[in-house]
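See below for the structure under consideration.
Side chains included, hydrogens not; waters and symmetry mates left out as well; all remaining heavy atoms used.
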Amino acid sequence: MIEFITKYFEELSTNELYAILQLRSEVFVVEQNCVYQDLDYKDQKALHVIGYKNDKIVAYTRIFKSGIYFKEASIGRVVVAKPEREFNYGKLLMKASITAIEKEYNETLIRISAQKYLLKFYNSLGFTEEGEEYLEDGIPHINMLYK
């Protein structure tokens with residue numbers, strides 16, 4: 001069973017931050033074979049949604065109130081550890097992130113920069129495409145909006 005908690009950057013322990021960065025690197029750099037600058041000084045402005053299973057971080061997003069990343073509130077760095085993907089944790093993670101934005105920021109309009117291959121996944125959560133496809137770090141992306 002997975003449990004989600006939210007923490008601001010200052011509330012993260014050193015071990016939690018290390019585990020989050022390790023998971024992001026494992027998926028976004030190694031698995032997706034993409035060299036990019038993950039550490040962008042935006043973590044300090046984010047609320048972190050962390051999925052724990054058996055005391056281990058297996059899922060994660062960072063969320064922002066409107067005006068920090070996009071004009072709207074946003075969700076980014078959506079990641080689930082590969083061995084845990086079969087359990088539908090991605091949907092649970094996104095639902096927890098949407099709920100956290102509504103609760104913490106009192107906002108319902110949410111923008112994401114989605115990897116194009118995940119279009120159907122995000123559509124199933126209520127996100128719709130906006131604009132044209134673009135490359136970000138060599139990977140096709142598209143802006144999507146949740147209303």
Side-chain angles (χ1 to χ4, degrees), residues 1-40 42-65 68-70 72-130 133 135-147:
M1 189 66 173
I2 192 166
E3 177 188 0
F4 294 99
I5 63 164
T6 57
K7 290 187 174 188
Y8 285 97
F9 186 80
E10 298 77 20
E11 298 172 313
L12 295 171
S13 72
T14 306
N15 286 334
E16 285 173 317
L17 180 59
Y18 190 91
I20 289 165
L21 295 175
Q22 188 280 329
L23 178 60
R24 288 179 3 190
S25 177
E26 177 183 304
V27 173
F28 298 133
V29 177
V30 178
E31 181 183 326
Q32 295 183 352
N33 193 28
C34 179
V35 177
Y36 80 109
Q37 185 62 46
D38 182 35
L39 303 178
D40 58 3
K42 290 188 176 140
D43 288 316
Q44 292 89 331
K45 299 174 185 176
L47 181 61
H48 303 268
V49 180
I50 308 163
Y52 279 94
K53 182 178 180 182
N54 300 325
D55 296 322
K56 182 179 179 193
I57 295 174
V58 298
Y60 168 85
T61 65
R62 64 182 189 180
I63 62 176
F64 299 95
K65 63 182 174 182
I68 293 180
Y69 204 87
F70 291 114
E72 305 84 1
S74 63
I75 302 170
R77 299 293 198 265
V78 180
V79 62
V80 176
K82 192 171 188 174
E84 305 298 331
R85 293 182 195 151
E86 66 182 277
F87 303 113
N88 212 24
Y89 292 157
K91 282 193 176 187
L92 296 175
L93 173 63
M94 285 301 293
K95 288 178 181 180
S97 300
I98 291 166
T99 299
I101 286 174
E102 292 169 345
K103 180 181 173 191
E104 291 292 321
Y105 304 140
N106 197 29
E107 299 187 48
T108 56
L109 195 60
I110 303 168
R111 181 172 300 277
I112 62 173
S113 174
Q115 292 185 358
K116 185 89 185 274
Y117 84 96
L118 291 168
L119 190 64
K120 288 182 183 179
F121 168 75
Y122 289 117
N123 284 150
S124 75
L125 291 160
F127 286 86
T128 56
E129 304 93 298
E130 270 209 349
E133 178 182 320
L135 285 179
E136 185 175 311
D137 301 314
I139 298 172
H141 281 68
I142 191 157
N143 273 309
M144 300 188 81
L145 199 60
Y146 177 89
K147 299 178 185 179

With a cut-off of 6.0 Å (strictly less than), are more than 12 heavy atoms of other residues, nucleotides or ligands near [atom1] of [X]?
{"X": "E11", "atom1": "CD", "result": "yes"}
{"X": "K65", "atom1": "NZ", "result": "no"}
{"X": "Y8", "atom1": "OH", "result": "yes"}

Could you report the tightest heavy-atom contact between [X] and [Y], atom names first, then the distance?
{"X": "A59", "Y": "V80", "result": "CB-CG2, 4.1 Å"}
{"X": "F4", "Y": "V49", "result": "CD2-CG1, 4.3 Å"}
{"X": "Y69", "Y": "S74", "result": "CB-OG, 3.4 Å"}

* To do: Let me see the working for L12 and I50 under side-chain contact (heavy atoms from CB on, under 4.5 Å), right down to the final yes or no.
  => CA-CA 10 Å; L12 295 171; I50 308 163; 3.6 Å; yes
Could you tell me whether the side chain of [X] and the main chain of [Y] form a donor-acceptor pair under 3.5 Å?
{"X": "E84", "Y": "A81", "value": "no"}
{"X": "R77", "Y": "D38", "value": "yes"}
{"X": "D40", "Y": "K42", "value": "yes"}

* Might you work through the side-chain contact (heavy atoms from CB on, under 4.5 Å) test for E31 and V79, ending with a clear yes or no? => CA-CA 11 Å; E31 181 183 326; V79 62; over 6 Å; no
Below 4.5 Å, heavy atoms only, C-beta onward: do [X] and [Y] meet side chain to side chain?
{"X": "L39", "Y": "L21", "result": "yes"}
{"X": "N123", "Y": "E129", "result": "yes"}
{"X": "V78", "Y": "I112", "result": "no"}
{"X": "E16", "Y": "I5", "result": "yes"}

Without placing hydrogens or testing angles, list every side-chain donor-acceptor pair under 3.5 Å for residues 135-147, not counting sequence neighbours.
unit_1 : atom_1 : unit_2 : atom_2 : d
E136   : OE1    : S113   : OG     : 3.2
H141   : ND1    : I139   : O      : 2.7

Name every donor-acceptor pair, under 3.5 Å, that has one atom in a side chain of residues 87-101 and the other anywhere in the protein, sequence neighbours excluded.
unit_1 : atom_1 : unit_2 : atom_2 : d
Y89    : OH     : K53    : NZ     : 3.4
K91    : NZ     : S124   : OG     : 3.2
S97    : OG     : T61    : OG1    : 2.7
S97    : OG     : L93    : O      : 2.9
T99    : OG1    : K95    : O      : 2.9

* **CD1 on I20 to OH on Y60, rounded to 0.5 Å** =>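 Interatomic distance, Y60 OH to I20 CD1, rounded to 0.5 Å: 5.0 Å.
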* Structure fact -> Residues passing the side chain to side chain donor-acceptor pair (under 3.5 Å) test with T108, sequence neighbours excluded, are none
* Which of parallel (below 30°), tilted (30 to 60°) and perpendicular (above 60°) describes F9 and H48? -> tilted
